[in-house]
Amino acid sequence: MSNLIVTNIGMLATPQGKGPKKGPEQGDIKILNDAWVLIKDGVIAGVGQGKLPEQYDNLDLSTVKTVDAQGKLVTPGLVDAHTHLIFGGWRQNELGMKLHGKTYLEIQNAGGGIQSTTNATRQSTEEELTQKAARALNEMMGFGVTTCEAKSGYGLATEHELKALQVIKNLNDRHAMDIVATFMGAHLVPAEYKANRAEYIRLVCEEMMPKVKEQGIAKYCDVFCEADTFTKEESRQVLEAGLKYGLRPKIHADEIEAIGGSQLAGEIGAISAEHLIVCPPEGIASLAKGGVIACLLPATSFYLGAVFAPARDMVNAGVPVAMATDFNPGSCPCLNLQFVINLGCLKYKLTPEEVLTAVTLNAAAAIDMAEKVGSVEAGKQGDLVIWDAPDLDYICYRMGSNLTQTVIKKGTVVVG
Ligand code: NIG
Ligand code: FE
């Protein structure tokens, strides 16, 4: 495990604490100028300002590897709390359909969409999926992400859902990225069960979930609660079954139509509800009451040509807001969390401070990792980004460039 000091930090910008921030606290971050951060054995040992001490925590600092931040911005490593990382193929053919006016659900109902990615995923071996996802993880790290969530959900058959979760486990063991796995067998009713939805739900709950638990390969259970996909009651059934197998609920809610997903999230005590593009006021109230984190995915709104989630109303209602990419081959083929940062300011009208919390501490809390990551403080993992930027406003304002200069994971330079 590595010891490292980052010196000459022009601006250190970080939320603080081990849990999600809501309301006015979401924008209440710590800014330190002329700062340094010491990482010992992969964990942050100290954060200070001005001249470095010679000795810290029984460590002679002259012996520790130094990274000079050259007066630039440093933030916590970013956390991408919602990705559909594991899939075969791509769906560039759907772009033309979209341009000819077909909607997302029309493409899905015609056998495109999730079903076509499911066919490609079933045909891919564990090794092929591992190689492909590893390339995506490398790209994500290049954009400053040091922790992410990854879902299954393109297998939609026991063998293939378990295969996808095994790929996530392999990658978590081998890749520098920390990866948290979510089981999403209820992403779509696959073609072979279209005439018997109840049987597919039974399969998810009674065959897939016990195996997922037995193999210990997922922490969360997610469901696509959406028109033409899973109803509110089916979604409740899936999430309640997940709870029996120790899988905490997450839910794709109010992405295209509001059919009660956000209310269900609050009722069932989901750790997070995702998308919430068309979340109604009673949905926001339910999230606030249930202590659910809103995990917003603005790049998906952008890609679907949809409206943007009512983020400000959520902050005002005391719902902690996280933001993530939703990386997937259909509604958001984008791995760049920096673009999400731009959209958070420009479309949600969140402040740079609120946005930083959304992609670090609140995102970490949405995957129950806030004890370890999401802020630069003594005791947290040594995950940092040095940006080619003088301050926080700059990374929110610039667009289309990759502004990471150096990415540090557990005290080791992994990019730059
Ligand atoms: O979050 N909404 C469900 N799942 C993904 C899209 C999946 C796909 O189109 O392949 C999403 O948007
Ligand atoms: Fe998603």
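As the structure lists them, so they are numbered: ligands from 1, and atoms in each ligand from 1. Only a predicted model underlies this, so the values are computations on that prediction, with no experimental measurement involved.
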I need the protein N, O or S atoms closer than 2.8 Å to the Fe ion (ligand 2), given as residue plus atom name.
His82 NE2, His84 NE2, His252 NE2, Asp326 OD1
Short list, please: which atoms of ligand 1 are under 4.0 Å from a heavy atom of Tyr104?
6 (C), 7 (C), 8 (C), 9 (O)
Does the pair Lys372/Asp383 count as a salt bridge with the N-to-O cut at 4.0 Å?
no
Numbering the atoms of ligand 1 from 1, which are under 4.0 Å from a heavy atom of Tyr154?
7 (C), 8 (C), 10 (O)
Taking the six-membered ring for Trp and the full ring for Phe, Tyr or His, determine whether the centres of Phe87 and Phe327 are under 6.0 Å apart.
yes
Check for me whether Lys349 meets the cation-pi criterion with Phe308, that is, NZ or CZ under 6.0 Å from the six-membered ring centre and within 45 degrees of the ring axis.
no
Is it the case that the side chain of Arg122 and the backbone of Leu156 share a donor-acceptor pair, with hydrogens and angles ignored and the cut-off at 3.5 Å?
yes
Short list, please: which atoms of ligand 1 are under 4.0 Å from a heavy atom of Arg91?
8 (C), 9 (O), 10 (O)
Of all pairs that satisfy ring pair (Phe, Tyr, Trp, His ring centres under 6.0 Å), the ones with a partner from residues 347-380, not counting sequence neighbours:
none
Within residues 225-283 or reaching into it, pairs that qualify as ring pair (Phe, Tyr, Trp, His ring centres under 6.0 Å) - sequence neighbours excluded:
His82-His252, His82-His275, His84-His252, Phe224-His252, His252-His275
Evaluating non-hydrogen atoms only, which member of His82, His187, Met184, Glu226 is closest to atom 3 (C) of ligand 1?
His187
Any atoms of ligand 1 less than 4.0 Å from a non-hydrogen atom of Ser331? List them with their elements.
5 (C), 6 (C), 9 (O), 11 (C), 12 (O)
With Asn119, which residues qualify under side-chain contact (heavy atoms from CB on, under 4.5 Å), at least two apart?
Gln115
Check ligand 1 against Asn328 and write out every atom of the ligand that is under 4.0 Å from a heavy-atom position of the residue.
5 (C), 6 (C), 7 (C), 8 (C), 9 (O), 10 (O), 11 (C), 12 (O)
